[in-house]
Colleague: 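I have a structure I would like to understand better, so I am pasting it below and will then ask my questions one at a time.
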Amino acid sequence: MLDEFMKKAVEIVGSFLQVDRVGVYMLTDLGEIQLVISFDAKKDKVNAEKHRAMNREYANEYLDLIRQDRILSVSNLEIEGISPFIDSLKEVRVRSLIDIPLKKRGSIIGSLFCDMNTKREWTPDEKQFVASVGDILTLAHEEDELITASSVMETSSE
């Protein structure tokens, strides 16, 4: 159920914002960042194949970046030079991004990301829209955990 919800969410965000890519990263129990779903707007294709998204050095740096603010927004990676992680995105032709941390009880569990191969000034409305979708994804994740825990308890009590 959660996977289908995330699939629809990334499709809607990608189409509404007309970004090149949008997706969801989740933090694993081992502290790695896993890409769980992505939408390539140019190909109009969702990819739900889960895999490690970045090495540990970049993962820690990325988590530090998204931990700082509610919204990580970079309009022009060419001049910003925020960090080695951001610089690494240039190698894959990302030129602007907007990322929203997904937090549960104050801890980051993942993020919703959007990126572009061109420079882009993100409007306040676009930032708010992505932040709202991030909040909804967090709530959906929490609900999915509750449903899973409930069904496990029902099974173990039988």
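In this text the structure is predicted, and so the values were computed from the model without any measurement. Heavy atoms only: backbone and side chains are in, while hydrogens, waters and symmetry mates are out. We count residues from 1, following the sequence as given.
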Colleague: How long is the gap from CG on L112 to CD1 on I37, to the nearest 0.5 Å?
Modeller: 11.0 Å

Colleague: Pairs in or reaching into residues 34-55: which pass side chain to side chain donor-acceptor pair (under 3.5 Å), with residues at least two apart or in two chains?
Modeller: none

Colleague: If you measure from CG on D99 to CG on L72, what distance do you get to the nearest 0.5 Å?
Modeller: 5.0 Å

Colleague: Could you tell me the separation between the OG atom of S132 and the NZ atom of K127, rounded to the nearest 0.5 Å?
Modeller: 14.0 Å

Colleague: Can you confirm whether M54 sits close enough to L89 that some side-chain heavy atom of one is under 4.5 Å from a side-chain heavy atom of the other?
Modeller: no

Colleague: Is it possible for you to say whether Y58 and V74 belong to one hydrophobic cluster, with membership spreading through side-chain heavy-atom contacts below 4.5 Å?
Modeller: yes

Colleague: Decide if atom NZ of K104 counts as having more than 12 heavy atoms of other residues, nucleotides or ligands within a radius under 6.0 Å.
Modeller: yes

Colleague: Using the rule that two of Ile, Leu, Val, Met, Phe, Trp, Tyr join whenever any of their side-chain heavy atoms come within less than 4.5 Å, decide whether L30 and L27 are in one cluster.
Modeller: no

Colleague: Looking only at non-hydrogen atoms, find the nearest pair between S75 and S96 and report the distance.
Modeller: O-CB, 3.3 Å

Colleague: How far apart are the closest heavy atoms of V133 and A9, and which atoms are they?
Modeller: CG1-CB, 4.4 Å

Colleague: Would you indicate whether the side-chain heavy atoms of H141 and I136 approach each other to under 4.5 Å?
Modeller: no

Colleague: Group every Ile, Leu, Val, Met, Phe, Trp and Tyr by side-chain heavy-atom contacts under 4.5 Å, then state whether L35 and V130 land in the same group.
Modeller: no

Colleague: Which atom pair, heavy atoms only, marks the closest approach of F85 to E61?
Modeller: N-OE2, 2.8 Å

Colleague: For the backbone of A48 and the side chain of K7, can you confirm whether one donor and one acceptor N or O come within less than 3.5 Å of each other?
Modeller: no

Colleague: Are L63 and I33 close enough that some pair of their side-chain heavy atoms sits under 4.5 Å apart?
Modeller: yes

Colleague: Could you state whether F16 and M116 fall into the same hydrophobic cluster, counting links through intermediate Ile, Leu, Val, Met, Phe, Trp or Tyr residues with side-chain heavy atoms under 4.5 angstrom apart?
Modeller: yes

Colleague: Tell me whether R93 at atom CZ has more than 12 heavy atoms from other residues, nucleotides or ligands lying less than 6.0 Å away.
Modeller: no

Colleague: Can you confirm whether more than 12 heavy atoms, excluding those of E143, are under 6.0 Å from its CD atom?
Modeller: no

Colleague: Step by step, would you call L137 with F5 a side-chain contact (heavy atoms from CB on, under 4.5 Å)?
Modeller: CA-CA 8 Å; L137 285 171; F5 182 78; 3.9 Å; yes

Colleague: Quick one: are Y62 and S111 in side-chain contact, heavy atoms under 4.5 Å?
Modeller: yes

Colleague: Is E78 salt-bridged to R95, going by a charged N under 4.0 Å from an acidic O?
Modeller: yes

Colleague: With heavy-atom distances below 4.5 Å as the criterion, would you say the side chains of I108 and R67 are in contact?
Modeller: yes

Colleague: What's the spacing between I71 CD1 and I100 CD1 if we round to 0.5 Å?
Modeller: 4.5 Å

Colleague: Ignoring hydrogens, what is the shortest heavy-atom contact between I66 and P101? Give both atom names and the distance.
Modeller: O-CG, 3.3 Å

Colleague: Restricting to pairs with a member in residues 11-30, which pass side chain to side chain donor-acceptor pair (under 3.5 Å), not counting sequence neighbours?
Modeller: R21-D115, R21-N117

Colleague: Between M6 and F39, is any pair of side-chain heavy atoms under 4.5 Å apart?
Modeller: no

Colleague: Between atom OG1 of T123 and atom CD1 of I98, what is the distance when rounded to the nearest 0.5 Å?
Modeller: 8.0 Å

Colleague: Check step by step if side-chain contact (heavy atoms from CB on, under 4.5 Å) holds for M26 and L102.
Modeller: CA-CA 9 Å; M26 294 303 292; L102 306 179; 4.2 Å; yes

Colleague: Return the minimal non-hydrogen interatomic distance between V24 and F113, and the atom names on each side.
Modeller: N-CE2, 3.7 Å

Colleague: Quick check for you: to the nearest 0.5 Å, what is the distance between C114 atom SG and L97 atom CG?
Modeller: 9.0 Å

